[in-house]
Amino acid sequence: MTTVAATKKFIEATGNLAVAYAVKQVNVDFISAYPITPQTIIVEALSQYVADGELKAKFVNVESEHSALSACIGASIAGARVFTATSSQGLVLMYEELPVASGLRLPIVMALSMRALSAPINIHNDHSDFMSMREQGWIMLAAEDAQEVYDLTIMAFKIAEDERVLLPTVAAMDGFTISHTLQRVDVLDDEVVRKFVGERKARFKLDVENPLTFGPLALTDSYFEFKRQQHEAFKNSEKVIREVFKEYEKISGRKYEPLKKFMMEDAEVAIVALGSTVGIARIAAKKLREEGIKAGVIGFTLFRPTPKVEINETLKDVRTLAVFERHLSLGAVAGPHYMDIISSLDKKDDVKIYDYVYGLGGRDITTKMIVDTVKKTIEKAKKNEPMEVEFVGVRE
Amino acid sequence: MSFNKSWKEMEIGAVVKGGSGLLYKTGNWRSEKPIIDYTKCINCLICWALCPDSAILRKGNKVEVNYDYCKGCGICANECPTKAINMEKEEV
Amino acid sequence: MTLEYKPITKLSDLPEENLFTSGHRLCAGCGPAIVARLTLLATQEKPIVVNATGCLEVGSTLYPYSSWKVPWVHVTFENAAAVASGIVEALNKLASEGKTKEAPVIAIGGDGGTFDIGIQAISGALERGHKFLYICYDNEAYQNTGIQRSGATPFGAATTTSPAGRVIPGKQERKKDLIGIVLGHHIPYAATATIAYYRDYINKVRKALSYNGPTFIHVLAPCTLGWRYDPSKTVEISRLAVETKFFPIYEVENGSLKINFRVPKPKPVEEYLKTQGRFAHLFKPENRHLIEEIQKNVDENWARLERIEKAGPIF
């Protein structure tokens with residue numbers, strides 16, 4: 001297949017091809033993945049790089065996503081730098097191995113082209129696969145466009161492999177919307193990337209002269225302590241992620257923060273989103289300002305660990321929020337972003353947050369829908385209405 | 001046997017040193033103990049090879065029972081071709 | 001990596017060191033423990049072991065202890081072959097850059113992890129041709145969770161999920177032909193074995209590791225608790241399984257099947273069945289016909305193996 005070539009400082013690439021390019025530059029040792037729409041192009045492009053000798057990695061074509069992550073776990077224990085990619089049902093077939101990768105403290109990096117979960121089967125974007133990973137001990141990053149997913153994929157390796165962290169990390173993008181849309185992506189030189197990520201220095205080795213046991217049975221007298229250690233690793237990762245973002249800015253000129261802020265300096269109402277919707281929200285905020293409503297946008301780049309510090313800082317003066325969730329937490333009071341924001345805020349009495357579920361199964365979200373929803377939010381806040389999840393874009 | 005280290009003192013990821021099983025003795029599981037009659041032993045090593053608990057020690061072709069770990073299953077006695085091993089009631 | 005095949009003729013040819021150490025919590029008289037021990041005695045170079053969830057895994061690595069004096073990895077139940085694939089290929093890549101040393105890789109799983117839940121990952125790994133040995137220690141039920149039937153449980157055996165009831169007398173389905181499935185992948189070496197024929201098993205492990213490609217050994221490993229017999233009889237019963245032709249011992253090298261133990265005067269299968277509580281209900285008058293059926297199945301299976309042996313290479 002046609003991959004992208006580095007003839008200049010930028011490439012024209014879809015989100016999927018941008019990920020593959022980043023993975024090639026990071027010079028992974030091992031890839032195991034299984035094709036699934038809309039992620040397939042990542043594995044095709046990487047296979048091509050390997051077939052052309054541009055990437056000297058082992059690519060193991062497994063028979064399922066479950067085996068993909070299992071093979072990655074084996075390779076990571078063996079000391080390799082490891083990558084996998086998946087989407088939707090593929091992710092949930094991997095599910096059993098997600099907490100294992102984290103519990104064994106393996107810095108595996110995954111790209112996720114976010115897609116709705118069955119049933120009914122649907123190939124288009126929402127965040128239900130991504131959100132299902134919340135409890136499984138992965139650091140979770142989300143991109144707004146192809147540029148971000150390129151950058152975040154590179155940074156994911158450096159974060160995951162940091163000795164203070166050693167946690168698997170996912171860099172996600174919206175399926176089709178980003179994964180299949182051609183964009184200009186500014187890229188770094190191979191050498192710059194390789195120097196940035198360095199070589200993986202595995203904490204343990206599979207060495208017959210110094211035999212170690214990985215994955216023993218840990219019962220009531222030890223299991224809890226290992227979970228406490230993982231919690232600490234997430235605490236440590238907050239610092240490491242910010243360091244890596246800063247370091248990456250130095251080599252790329254592109255600034256990353258756990259939360260993206262747009263026109264938030266004087267905002268009176270904030271639109272909260274994750275993924276490509278952040279871009280639409282920016283346009284919506286501008287329109288709202290044309291109408292005299294001081295709107296701003298908060299976009300989640302870092303989803304786990306929850307960027308508590310930034311949530312508090314950013315919402316210091318903005319107390320009205322319209323939270324857009326491309327995921328429906330069935331049976332829950334509100335969606336994950338709502339829960340995260342509420343639980344992060346040190347002072348919550350005066351905050352007015354309203355939760356909106358939109359875009360499930362790839363349903364379009366338009367600027368107008370966001371504008372109208374923000375106006376509705378302001379009205380609800382004025383009347384001090386209680387929060388009840390509302391749907392945007394569904395036929396009632 | 002209780003384990004009471006703080007999470008700060010434990011190696012991450014539950015990684016364990018291989019062979020540390022030896023620190024845990026299983027000899028008190030036993031209700032019968034194998035006794036080797038060396039006058040009958042022909043050093044065939046069958047008991048050594050087939051002991052599920054690696055509790056028959058071998059020095060060259062000589063064998064002896066390691067009672068720290070022997071669980072008293074009696075496979076050694078059952079398989080001994082010269083009936084050189086007898087199972088005797090463990091005294092409590 | 002592959003090793004030169006050096007068969008042993010006597011037990012004293014083996015190294016003295018126990019790489020599978022004492023102190024594990026497997027039952028007294030555990031068949032799978034003997035498999036683990038013989039496997040590590042057999043390997044000419046220290047291997048890396050990948051263990052599927054099961055009795056052997058749980059019983060040998062209770063934190064902070066481990067009875068494995070070789071690198072050992074457990075991930076989950078159904079994926080030992082997939083994990084082994086990753087290890088083999090990653091080590092090969094890293095070794096080609098001088099960053100690590102390769103070692104033989106052995107994946108080991110029980111009949112649950114092999115016949116049933118793990119069969120997909122095994123098929124994938126055999127098809128891809130990684131250089132590793134897969135060993136199935138077969139104790140013919142999910143013994144770790146308390147004796148539930150598996151695809152390896154023989155016809156007629158009582159387990160907690162195929163109990164001998166007033167209406168249904170134990171498991172109604174026959175044991176899966178595991179080697180038949182494995183051979184569908186045209187791998188260079190596959191064999192059956194049992195712990196009673198320890199020299200045969202040890203040499204099969206050595207031979208398997210000498211092949212350049214995936215290899216497979218299916219080893220019968222009696223379970224004192226699940227089969228209901230005295231712990232001292234583990235090896236004796238595995239011997240009887242061969243002497244009654246209940247569990248034929250054979251190997252398939254590059255598609256050619258060879259029966260390793262001809263039984264000149266095979267004992268009736270009854271001799272085997274009567275040693276174990278799991279078959280006790282078959283001896284009731286109303287179930288005697290089932291023993292005849294088992295005998296018929298055993299004879300047919302033996303005749304089938306002889307036909308294949310005589311016919312020449314199957315691939």
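So that the names make sense, note that chain A is the first sequence line, chain B the second, and so on, each numbered from 1. What you are looking at is a predicted structure, and each value in this text was computed from that prediction instead of being measured.
Taking all atoms of both residues into account, the shortest heavy-atom contact from E79(B) to E236(C) is OE2-N, 3.4 Å. For H24(C) against K71(B), the heavy-atom pair with the smallest separation is O-NZ, 2.9 Å. The two residues G21(B) and S67(C) have their closest heavy-atom pair at CA-OG, 4.1 Å.
Counting non-hydrogen atoms of neighbouring residues, nucleotides and ligands closer than 6.0 angstrom, the NZ atom of K59(B) reaches no more than 12 such neighbours. More than 12 heavy atoms of other residues, nucleotides or ligands sit less than 6.0 Å from atom CD1 of I12(B).
Side-chain contact between K5(B) and P64(C) is absent, with no heavy-atom pair separated by less than 4.5 Å. Within the 4.5 Å cutoff, no side-chain heavy atoms of V235(C) are placed close to those of N78(B).
In terms of non-hydrogen atom pairs under 4.5 Å with chain C, the most contact-rich of D68(B), L45(B), L57(B), V15(B) is L45(B). Ranked by heavy-atom pairs under 4.5 Å with chain C, the list C76(B), C73(B), A77(B), G27(B) is led by C73(B). Residue with the most contacts toward chain B among A28(C), A196(C), G23(C), C30(C): G23(C) (heavy-atom pairs, distance under 4.5 Å). Most heavy-atom pairs under 4.5 Å with chain C, from the set C44(B), G74(B), A49(B): that is A49(B). In terms of non-hydrogen atom pairs under 4.5 Å with chain B, the most contact-rich of E16(C), K10(C), K69(C) is E16(C). Listed options P52(B), A14(B), A55(B) were ranked by heavy-atom pairs under 4.5 angstrom with chain C; first place goes to P52(B).
Rounded to the nearest 0.5 angstrom, S238(C) OG and L50(B) CG are separated by 8.5 Å. To the nearest 0.5 Å, atom CZ of residue R25(C) and atom OG1 of residue T26(B) are 8.5 Å apart. In this structure, the separation between CG on D53(B) and CG on L26(C) is 8.0 Å, given to the nearest 0.5 Å. Atom-to-atom distance recorded for C51(B):SG and I34(C):CD1 is 8.0 Å, nearest 0.5 angstrom. Taking CG from N66(B) and OG from S22(C), the interatomic distance works out to 6.0 Å, rounded to the nearest 0.5 Å.
The parts of F20(C) that come within reach of chain B are both its backbone and its side chain, each placing non-hydrogen atoms under 4.5 angstrom from that chain. With a 4.5 Å cut-off on non-hydrogen atoms, K17(B) touches chain C through its backbone but not through its side chain. Using a 4.5 Å cut-off between heavy atoms, W72(C) makes no contact with chain B at all. For chain B, no part of L19(C) is nearby; none of its heavy atoms comes within less than 4.5 Å. Looking at N61(B), the atoms closer than 4.5 Å to chain C (heavy atoms on both sides) all sit in the side chain, from C-beta outward. If you measure heavy-atom distances from R239(C) to chain B, the contacts under 4.5 Å come from the side chain alone.
Heavy-atom proximity under 4.5 angstrom to chain B picks out L41(C) from residues 41-51 of chain C.
When atom types are taken as modelled, the side chain of S54(B) and the backbone of N18(C) share no donor-acceptor pair closer than 3.5 angstrom. Checking side-chain atoms of S66(C) against main-chain N and O of S20(B) turns up no donor-acceptor pair under 3.5 Å.
Screening residues 40-49 of chain B for side chain to side chain donor-acceptor pair (under 3.5 Å) gives no qualifying pairs among residues at least two apart or on separate chains.
Using cut-offs of 30° and 60° for the angle between ring planes, the Y65(C) and Y24(B) rings count as tilted.
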